[in-house]
Amino acid sequence: LLVVIYMIFYYRALGVVVLLGLMVWSALNFTIICWLGETRGLALSLAGVTGLVVSVGVTVDSYVVFFERLKDDVRLGRSLRTSTERSWKRAFRTIIAANVSSLIGAVLLYLLTVGPVRGFAFFLALATALDLVVAWFFIRPAVAWMGRTALFTGDSWWGLPSGLGTSAARGAAPLPAAGGAS
C-alpha cells in the first residue's frame, strides 16, 4: 500500500498504472498459486509469502526503469508518443536483465537448499516470471495508450508530463548539457 501511494504521488497517472499493474500481477499470482494448490498440493508457507513480498520490489522496479527512461526521453525534447515506444525498447533490456538475475538467484536457491528456503525461491521465481508477462502485455500497452490520450498528455496534475517532471507533453525544451556552455 505504501509503495502504491508513493508511486501515485511521484508519478501521478503512471502511478495508477503501477497500481493496476500490481493488481494484474497479484491476480495472476493468486490464480496460479490456487491452481497449484488444487492440482499439485502446493501450500503457500510464510517463506513463500516472503518471496512474494520481495518480488513486489522487483516488479515495481521494472515499472520505475521504464518510467525513468520515459522521463529522460521527454526531457530531451521528444514527444510523449515517440518516447513511450523508444523508452520501452531501451528499458525492456534492463528489465529482462534484472528479472533474469532474480530468476538465476531463485533457481540456485531452490536447487541448493531444502525446506522453507525452497518455498521462498519458488514463489520468488514465479512472481518474477509473471512480472515479465505483466510488463510486456499490460504496462507497455497501458503507457502507450496514455501517451496517445489527450486526458493524460495535458499539463494537469494527473497528466503524464507532470508525473514525468516536465512541463509540456510535446516538444519540451531540451535540458542543457551538464558542464557545457549554455
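Each residue takes its place number in the sequence, starting with 1. What you see is a predicted model, and the numbers here were worked out from it, not measured in a lab.
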* Asked: Near Leu112 CG, under 6.0 Å, is it more than 12 heavy atoms from other residues, nucleotides or ligands?
  -> yes
* Would you say the side chain of Thr59 lies within less than 4.5 Å of the side chain of Leu130, judging by non-hydrogen atoms? -> no
* To do: Answer whether the closest heavy-atom distance between the side chains of Tyr11 and Val17 falls below 4.5 Å.
  => no
* Asked: Under 3.5 Å, is there a donor-acceptor pair between the side chain of Trp25 and the main chain of Ala127?
  -> yes
* Asked: CG of Asn29 to CZ of Phe123: how many Å apart, nearest 0.5 Å?
  -> 9.0 Å
* Within the side chain of Ser55, is there an N or O that forms a donor-acceptor pair under 3.5 Å with the backbone of Leu52? -> yes
* Structure fact -> The reported gap from CD1 in Ile104 to CG in Asn99 (rounded to nearest 0.5 angstrom) is 11.0 Å
* State whether the side chain of Ser45 and the backbone N or O of Gly48 hold a donor-acceptor pair below 3.5 Å, judged by distance alone. => yes
* **Worked verdict on Tyr63 versus Asp131 for side chain to side chain contact (heavy atoms under 4.5 Å, CB included)** => CA-CA 10 Å; Tyr63 308 157; Asp131 172 40; 4.3 Å; yes
* **Side-chain (Arg69) to main-chain (Trp88) donor-acceptor, under 3.5 angstrom** => no
* **Audit row: Leu36, Phe122, side chain to side chain contact (heavy atoms under 4.5 Å, CB included) steps and yes/no** => CA-CA 12 Å; Leu36 289 172; Phe122 177 81; 3.7 Å; yes
* Flag the pair Asp72 and Arg90 as a salt bridge only when some basic side-chain nitrogen lies within less than 4.0 angstrom of an acidic carboxylate oxygen. => no
* Can you check side chain to side chain contact (heavy atoms under 4.5 Å, CB included) on Phe120 and Val54, steps first, answer last? -> CA-CA 9 Å; Phe120 171 85; Val54 168; 4.0 Å; yes
* To do: In sequence, state the C-alpha distance, the side-chain angles, and the governing distance for Val24 and Phe137, and then conclude on side chain to side chain contact (heavy atoms under 4.5 Å, CB included).
  => CA-CA 10 Å; Val24 169; Phe137 290 106; over 6 Å; no
* To do: Find the distance between CG (Leu80) and CG (Asp73) and round it off to the nearest 0.5 Å.
  => 10.0 Å
